[in-house]
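Proteins get letters first, then strands, A, B, ... in listed order; numbering begins at 1 in each.
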There are 2 protein chains.
Amino acid sequence: MKIGEIANAAGVTTSRIRFYEKRGIIAPAARGPNGYRDYPEDLIALLRFIEQAQGLGFTLREIASVEVRSGPHPISCAEAIGLLAKKRDAVDALIAEAEERKRRIDSLISELQESQARSED
Amino acid sequence: MKIGEIANAAGVTTSRIRFYEKRGIIAPAARGPNGYRDYPEDLIALLRFIEQAQGLGFTLREIASVEVRSGPHPISCAEAIGLLAKKRDAVDALIAEAEERKRRIDSLISELQESQARSED
DNA sequence: ATAGGGTTTGAACCTAGGTTGAAGGTCAAG
DNA sequence: CTTGACCTTCAACCTAGGTTCAAACCCTAT
């Protein structure tokens, strides 16, 4: 498959695929006699996997480090669970931080509303 | 006060103050006869305000748009409450998104744990 | 043979919020 | 009168994840 075809199939842009290759997130593509990249259908699944992982909050750097090992040494189920658990903790921390922000905003709003009420006496 | 003094007093770097001035977050400083920036003590409070607002999730762009009006037309209490309420909603949305991410991660972990349990039969 | 669509490369651009560095001017103390 | 600590400007660099552009090549249909 040519780059445009696989991009269409996976719902990503061609520039993104080239960018992933440049960054080492995906392996360099095989080339046809004209120099065009030639992809196996498998790559569609990989591209979708990348999008999913990003959606869960994994960075491309993190995804790449898993990808690298999916060749000769695929990551074990236990390892995957470990990575996911770590990411869940990070998301938890993010949520806690955002909730703290929200609390501070709310208390600021209350303060302002009170001072507004007082000024209307 | 010279830039280094005020930076120290407010707990920010000098480069940050110059950056804020360049970006229009703070007004251009008065200059002494030697060309050095000369700040009034008030600016300490403003710099602290900026840090606080950032901590609540406001971007410099948002802070600047409020700052601009704090000269001739300071923003009203009601306006401030409006901005805060809007930001709280944005934080709420962020939290909801993060919680959805967390749910997806958790269900993925459960899936993997089950498949691991099955493979140990 | 020429128009169009797809592909190649590399480099520049974008947001956000700064930091770092170079080259030079200023000021106070010893 | 020199050293060290400040200050000035402007420009380049950084992260993350890409997009956009220019110049050139390839392939197919008319």
Pairwise side chain to side chain donor-acceptor pair (under 3.5 Å) hits with a residue in residues 31-42 of chain A, at least two apart: Glu21(A)-Arg37(A)
Its 5'-most and 3'-most nucleotides having an atom under 4.0 Å from a non-hydrogen atom of chain A, DNA chain C is contacted over dG6(C) to dT9(C)
Which residues satisfy the salt bridge (Lys or Arg N to Asp or Glu O under 4.0 Å) test with Arg23(A), sequence neighbours excluded? none
Lys/Arg-Asp/Glu bridge criterion (N-O < 4.0 Å) met for Glu99(B), Arg103(B): no
DNA chain C contacts among residues 25-39 of chain B, heavy-atom distance under 4.0 Å: Asn34(B), Tyr36(B)
For residues 7-17 of chain B, which residue pairs pass the side chain to side chain donor-acceptor pair (under 3.5 Å) check, not counting sequence neighbours? Thr13(B)-Ser15(B), Arg16(B)-Tyr20(B), Arg16(B)-Glu51(B)
If you look at every strand shown and take non-hydrogen atoms under 4.0 Å, does Arg18(B) touch a base, only sugar-phosphate, or nothing? base
Of all of residues 87-96 of chain A, which get a heavy atom below 4.0 angstrom from DNA chain D, listed by number? none
Atom pairs under 3.5 Å, N or O on each side, protein against nucleotides 18-21 of chain D: can you list them with distances?
{"from": "dG18(D)", "atom 1": "OP1", "to": "Arg16(A)", "atom 2": "NE", "distance (Å)": "3.3"}
{"from": "dG18(D)", "atom 1": "OP2", "to": "Tyr20(A)", "atom 2": "OH", "distance (Å)": "3.2"}
{"from": "dG18(D)", "atom 1": "OP2", "to": "Gln54(A)", "atom 2": "OE1", "distance (Å)": "3.4"}
{"from": "dG18(D)", "atom 1": "OP2", "to": "Gln54(A)", "atom 2": "NE2", "distance (Å)": "2.6"}
{"from": "dT19(D)", "atom 1": "OP2", "to": "Thr13(A)", "atom 2": "OG1", "distance (Å)": "2.8"}
{"from": "dT19(D)", "atom 1": "OP2", "to": "Ser15(A)", "atom 2": "OG", "distance (Å)": "2.8"}

If a pair satisfies salt bridge (charged side-chain N to carboxylate O under 4.0 Å, His left out) and one of its residues is in residues 105-116 of chain B, list it, with sequence neighbours excluded. Arg88(A)-Asp106(B)
When you compare the side chain of Leu46(A) with that of Leu43(A), does any pair of heavy atoms fall below 4.5 Å? yes
Taking salt bridge (Lys or Arg N to Asp or Glu O under 4.0 Å) as the definition, give me every residue that meets it alongside Arg101(A), ordered by chain and number, with sequence neighbours left out. none
ILVMFWY network linking Leu108(A) to Leu94(B), side-chain heavy atoms under 4.5 angstrom: no
In chain order, what residues pass the salt bridge (Lys or Arg N to Asp or Glu O under 4.0 Å) check against Asp92(A), with sequence neighbours excluded? Lys102(B)
To 10°, what angle do the rotation axes through the five end pairs on each side of the helix from dA1(C)-dT30(D) to dG30(C)-dC1(D) form? 40°
Main-chain N/O of Gly57(A) paired to Lys87(A) side chain as donor or acceptor, under 3.5 Å: yes
How long is the line joining NZ of Lys2(A) and P of dC25(D), in whole Å? 18 Å
Any Phe49(A) side-chain heavy atom under 4.5 Å of Ile44(A) side chain: no
Any side-chain heavy-atom pair from Gln52(A) and Leu56(A) closer than 4.5 angstrom? no
4.5 Å side-chain heavy-atom contact, Leu60(A) and Phe19(A): yes
Do the non-hydrogen side-chain atoms of Val12(B) and Arg48(B) ever get within less than 4.5 Å of each other? no
Partners of Arg18(A) by salt bridge (Lys or Arg N to Asp or Glu O under 4.0 Å), sequence neighbours excluded? none
